[in-house]
Every structure is written in structure tokens, then in C-alpha cells.
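Chain A is the first sequence line, chain B the second, and so forth, proteins listed ahead of strands; every chain is numbered from 1. Side-chain atoms are counted along with the backbone in the values below, which use heavy atoms only and exclude waters and symmetry mates.
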Amino acid sequence: MENHTDKNKKAKEEVAVEQKIKRRNFISFSTFFVLGGAAFGGWKWLYNSPEETAGITAGARKPLRRALNKTELFFRKFYSNNHHVKTYPKAMAAKKVRVNSDIGMDDEGFKPENWTLSVVKSKGDVLKITMDEIKALPKTELIFSFKCVEGWDQIQHWAGVKFSDFIDHFKLNEHAKMDYIGMETPNGEYYVGLESESALHPQTLLAYEMNDQPIAIEHGAPLRLIIPVKYGIKNLKRIGTISFSNKRPKDYWAEQGYDYYSGL
Amino acid sequence: MKIIKEKHSVITRWTHWVNFPILTIMIWSGMLIYWASDTYTFTLFGHTFFHFFPDSFYKFFNIPARLAEGMAFHFLFMWFFTLNGILYFFYTIISGAWRELVPQKNSFKEAWQVLLHDLHIRRTAPPQNKYNAAQRIAYTAIIVMGFGSVITGLAIYKPTQFYWITWMCGGYNFARILHFALTLGYVFFFIIHVLQVVLAGWNNFRSVVSGFEVVEEKPDQMVKDDLNPTVNN
């Protein structure tokens, strides 16, 4: 008799375990598939999310642009003009410097010797600066690893005037207190926007020499931007105009879906 | 009689399954970025065996001309990848689950025996607890690799602001190579991992979703386990 109840009890226990297994399986697998489905739905939503309204930035999915901007704000906390880009000995600089783009430099008959730089101080107040005036300022050399957003980099040797020296000399300090600096080619076809802080970084140059020679046409003669705290896309060749603004100036690659800031 | 044996905690399961799609997206968006400057090859003694990647690869995965898109995805999902990793890391430390995970003194020797056993060369496998020696090594390595991806990623992402991280990783170029090599490592891990999961069978797979395994145990053993409930936790 006792044996019989024992068996009964055991059978009951086994049924209870089976039920428990079934119940837990059901709960965990339902949760798994519901969450998995939600994740997949979320991905579909993100992947098919509408493109941002074209403005200063364009070409990216709306939520991804938001994320790029937020991420910039986070990493900006670590930004400092005391962080310098690594420099190299002259011997390591590339003799054959890579040319990756000629956007904004296809004007017919452009002559570097006739060029002047326009600095827009305010509407209608444009400062014209010649190459001689720029060359009269202290020359700074920089041998650093130029980094392209594509992933390649190359050690290059540039020389010119420090952008901060340029600002001081031409008494543009009040203007440079604005949040952004914009630069464009003389024909206005390539343009970049920079946070003033990055532009005033001690290694940012308005360069007129490469490998101790005047810059060649394809490298941005007569004057180009070298801003090592940014990817190559911000290193505008053949600067025509410099302007100041508290709003983000237009930026060629930010209109093509790239991060507006593209800082390093 | 069947009994329920707890195996994976809910946080272990959560972080595992969250990591899977995130890592997939990171690898995919990483490919979109790598495409723009796909200079890596596998070269030994001057002979190039493989170029990362052949054109057919890009065609198959529909990769060309999507650098900006790749970066936008990569720099969003890097947050989820990192946060999920941090959650797993601290949970594993605080809960004590690391004891079942990190390799022990004998693990390297035993992992070899596990390998031989899995290849059907050796008849017996060394005794194990939750994970066998090979699993201990592989699962710990994958966590270290995840950490490595974040560090090398930061080294390439902000080489000037985080110059010391870049320096630690052996410079910008080496960091990029490591970042790429780690990705190949994930793919390799994934292939072996899925194969092993298939071979291990349903009970094992289910435990990563439901948390428990079903084992046959005699009642007197149950009593023993009840007296010593920490043995499997």
C-alpha cells in the first residue's frame, strides 16, 4: 500500500516537472520571438527611415543624422586644443603626395598668381589679402599623417601660416569668437564648415608649401587648408573665401550623408 | 526522473542575444567602411594569397559606394555594442559567473583533449562543469576581443583626441589592422560556435533561450544536490 502511494507521488512529481518545463519553455520562447520580432521591426524601421530634410546636412537617414550629432556632442567633451596630432621627421614625408579630389578646382584659366583671399568680416565688408601678405607672416611647418575618411593615411609635409596667427595678425579675433568658420573655393563649388575651436587648433594651417615647394595646382594652389584634427574632406584646397558665423556654414560632404564634424 | 537544471542567467541570455544582431550590424557597416579603402591582403613571403575582398564579395553583399551610410550605422551601433558588453562584463564579475567562465590552470591542456574528443580522435572528454575547457578559453577570448574592438575602434575614430589609446594600439595603421583582424576573428568564432551548437543539440540550445537544461537524475542524487544547491550556480 505504502509502495503504491510512493509510486503515485513520484508520477505526480514527474507530471509536475513536465508541466513546469513546458510552461517555462513557452514563456521563454514566446519572449524570445516577441523581442526578436520587435528588434527586427526596429531594424526595418531604421533601415527604411526617411532621409533627413536637405539643409546644412543632407543625405543621411533622419535618426542616423541625429545619432551622428549626439555622438559628436559626447566626444566633444574630450576635445582639446592641447591634444596635438602626432608629427614625424621630414624624411618620412611622402614624396608623391596622394591626390584624391579636384572638386571645386575645375575653373578654366585659374591663375594662382592673380589670386587674392577674401575674408568676409560682415556683409559688404570684405578684407582682401594677397599671397605676399600671407607669406610675410611667420611660417609653420607640419609633418603629420593626413587621414582620409576612406581609411587611408599618408605622412605629408606642409608649411604655411598657422590659422590662429593669421587671425591675430588681421585682427579677426572678435570674428573668430563666433562658433563656426566657413571656407570655400573661389568658384564656390567646394565648401567646408568648421567649429572655430578646431580651426584655431595650433596645428591648423593655411598652407602654401608642400615638401618645401609652392603647392601644385592639384594640391590646392596657391593656399589650402590643412586641419589635422579633421578628416581630409575638411582640408579645403584653393581657399577663395573665409567667413564667420554662429550657424553652421554649408559643408560639401555633410550634404552627402557624412558627419558634419568629421573630427579626429 | 527529469529535473530542471538552471544553466544561463537571464542577463547572460539577454546580452548574448542582443549582441548577436548588433555585432552583425557592426560587421556589415564595418564592411561598408572598409570598402572605401580595401587595401588588406594576406601575403606570405611575397605571395598574395587573398585580397580582402574580391569584387564578387562586394557584389554579393551589395556593398559599393556606401561609406557615409556605413559610418552612420557604425557610429550608432557602437554605443549598443559597448553598453551591452559593459553590462555583461559587470554582471559576470559581480554575480561570480566568471568562475565558470575564465580558463583555469588545466584549461589549456584540457582544451586540447576536448578538441581531440570533438574530432572523434579521443574517446573521453575531460570532466567539466558548466563549460568545458575549450569553451572557457573561447568564451573568455571573445570577451577580450570585444574589448579589443572597442579600444582599437576608439584608436581609429579619434586618433588625436585619444592619442594615448592610438599609441597603446601600436599606432593608427596597426590599430586599423587589429580592428579588421578582430572582425575576421568574430566570423571564425561564429562558424565554429554555430557548428558546435548544432552538434550539441536541442537541450543545450534551449538553455540559451530558456535558461535551463533538462537532465535525467536519480532521486537520491537530487537530495544530494538539494543539500548543495550552489554546485551549479
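Comparing A:Ile21, A:Ile27, A:Leu46 by heavy-atom pairs within less than 4.5 Å of chain B, the highest count is held by A:Ile21. No other option in A:His84, A:Arg61, A:Lys86 has as many heavy-atom pairs under 4.5 Å with chain B as A:Arg61. With respect to chain B, the highest number of heavy-atom pairs below 4.5 Å among A:Gly151, A:Gly36, A:Gly263 belongs to A:Gly151. Note: B:Trp79 leads B:Phe162, B:Phe75, B:Trp79 in heavy-atom pairs under 4.5 Å with chain A. No other option in A:Asp153, A:Val85, A:Leu35, A:Val17 has as many heavy-atom pairs under 4.5 Å with chain B as A:Asp153. Contact count against chain A (heavy-atom pairs under 4.5 Å) is highest for B:Ile25 among B:Ile156, B:Ile33, B:Val10, B:Ile25. Counting heavy-atom pairs closer than 4.5 Å to chain A, the top residue among B:Met71, B:Lys158, B:Arg13 is B:Lys158.
Under the 4.5 Å side-chain criterion, counting only non-hydrogen atoms from C-beta, A:Arg24 is in contact with B:Ile4. Two residues are said to be in side-chain contact when any heavy atoms from C-beta on lie closer than 4.5 Å; A:Tyr79 and B:Thr160 fail this criterion.
The contact between B:Trp17 and chain A is made entirely by side chain atoms (from C-beta outward), counting heavy-atom distances below 4.5 Å. Contact annotation for B:Phe20: neither backbone nor side-chain heavy atoms come within less than 4.5 Å of a heavy atom of chain A. If you measure heavy-atom distances from B:Asp38 to chain A, you find no contacts under 4.5 Å at all. Contact of B:Pro159 with chain A is made through backbone and side chain together, with heavy-atom distances under 4.5 Å. The contact between A:Leu68 and chain B is made entirely by side chain atoms (from C-beta outward), counting heavy-atom distances below 4.5 Å. Proximity to chain B is limited to the backbone of A:Pro228, based on heavy atoms less than 4.5 angstrom apart. When heavy atoms are compared at a cutoff of 4.5 Å, A:Gln256 approaches chain B solely by way of its backbone atoms N, CA, C and O. Using a 4.5 Å cut-off between heavy atoms, B:Val214 touches chain A through its side chain atoms alone. In this structure, the portion of A:Trp43 lying under 4.5 Å from any heavy atom of chain B is its side chain and not its backbone. At a 4.5 Å heavy-atom cutoff, B:Ile22 makes no contact with chain A through either its backbone or its side chain. In this structure, chain B has no heavy atom under 4.5 Å from any part of A:Arg65. Using a 4.5 Å cut-off between heavy atoms, A:Phe75 contacts chain B through its side chain alone, with no backbone atom that close.
Annotation: cation-pi geometry satisfied between A:Lys147 and B:Tyr172 (NZ/CZ under 6.0 angstrom from ring centroid, within 45° of ring axis).
Heavy-atom neighbours of B:Phe90 CZ from other residues, nucleotides or ligands within 6.0 Å: at or below the threshold of 12. Remark: A:Phe74 CZ is packed, more than 12 non-hydrogen atoms of other residues, nucleotides or ligands lying under 6.0 Å away. Atom CZ of A:Phe32 is surrounded by more than 12 heavy atoms from other residues, nucleotides or ligands within 6.0 Å.
Note that the CZ atom of B:Arg176 and the CH2 atom of A:Trp152 stand 11.5 Å from one another [nearest 0.5 Å]. Taken from CD in A:Glu14 to CD1 in B:Ile3, the straight-line distance is 12.0 Å, to the nearest 0.5 Å. A distance of 4.0 Å separates CZ of B:Phe212 from CG of A:Asn25, quoted to the nearest 0.5 Å.
Listed here is the closest heavy atom pair of B:Leu67 and A:Glu150: CD2-CA, 4.0 Å.
Under the 6.0 Å cut-off for aromatic ring centres, B:Trp164 and A:Phe78 do not qualify, their centroids lying 6.0 Å or more apart.
The closest donor-acceptor contact from the side chain of B:Gln161 to the backbone of A:Ser80 lies under 3.5 Å.
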